[in-house]
Amino acid sequence: MIAPDLDTAISRLRELIDDSQVIVPFTGAGISTECGIPDFRSPGGLWTRNQPIQFDDFLASQEMRDESWRRRFAMEESFAAAKPGRGHQALASLYRGGRIPGLVTQNIDNLHQASGFDAADVVELHGNTTYALCLDCDERYELAWVREKFESGQGRAPDCACGGYIKTATVSFGQAMPAEAMQRAEDLTRACELFLAIGTSLVVWPAAGFPLMAKRNGAALVIINREPTEFDELADLVVHNDIGDVLAPFITR
Ligand SMILES: [Zn+2]
């Protein structure tokens with residue numbers, strides 16, 4: 001069913017939420033756009049104007065590593081200023097209420113953690129851009145530290161003390177999906193009674209696999225996204241209204 005209007009969307013969503021003890025949200029860029037985080041993949045988004053740097057290229061040259069960090073620091077104002085939106089707050093409310101055991105996200109902006117989710121309960125399929133890791137020894141580096149080295153080194157990206165390359169903790173194009181996160185996402189999906197796909201077009205693999213998996217396991221499926229998705233026909237409820245407007249009534253303090 002495609003909700004004909006906002007009120008119907010909210011009341012139907014409330015029924016589904018009230019009926020479910022185990023709810024697993026799966027979120028994409030759409031939940032963060034009201035927070036000022038650009039949707040990289042959308043038409044006109046950063047990645048259509050700036051070719052993304054492939055993982056192999058990052059490994060292959062200092063120039064690409066420098067460029068990758070230059071781009072990251074150029075976006076820092078948006079990321080540093082971003083605060084959780086209404087969608088994040090609503091999910092955090094349900095989480096506090098004990099009905100969300102974990103959340104799966106394609107986002108790299110850390111806003112679910114900022115809204116109150118324990119980091120251990122956020123499964124990040126594409127990693128996290130708010131800190132960095134050494135690719136060899138996994139040592140964690142804060143962005144402020146990397147930036148200081150980068151700037152004092154005339155725009156040369158610093159390396160780890162072990163000699164490894166330091167990269168934001170994101171999954172780059174051409175980089176393997178994190179196996180543990182994929183497994184946890186699958187486990188959560190199979191265990192839920194209600195699967196909420198929010199702000200994701202469900203096109204990019206592996207995102208596309210999860211709604212189907214949830215549905216086949218008997219969960220109810222809700223899709224809240226501006227644009228239609230190819231899973232709309234399968235869903236118990238489809239909402240094309242603004243995500244913040246739809247989820248705001250579920251925020252509790
Ligand atoms: Zn290292």
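Bear in mind that the values here come from a model prediction, so they are computed numbers and not experimental data. Counting starts at 1 for both ligands and their atoms, following the listed order.
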Under 4.0 Å between a side-chain nitrogen and a carboxylate oxygen: does that hold for Arg14 and Asp19? no

Count of protein N, O or S atoms below 2.8 Å from the Zn ion (ligand 1) equals 4

Between Phe150 and Phe73, does the ring centre distance come in under 6.0 Å? yes

From CA spacing to verdict: side-chain hydrogen bond (donor to acceptor under 3.5 Å, both in side chains), His88, Asp109: CA-CA 12 Å; His88 299 98; Asp109 54 30; 4.8 Å; no

Electrostatic pair Arg12:Asp236 at N-O distance under 4.0 angstrom: no

Compute whether any side-chain donor of one residue and acceptor of the other, for Arg99 and Ser20, lie under 3.5 angstrom apart. no

Under 3.5 Å, side-chain donor or acceptor atoms of residues 167-175 against the rest of the protein: list the pairs with distances, not counting sequence neighbours.
unit_1, atom_1, unit_2, atom_2, d
Lys167, NZ, Thr170, O, 2.7
Lys167, NZ, Ser172, OG, 3.1
Lys167, NZ, Gln175, OE1, 3.1
Thr168, OG1, Thr170, OG1, 2.8
Gln175, OE1, Ser172, N, 2.8

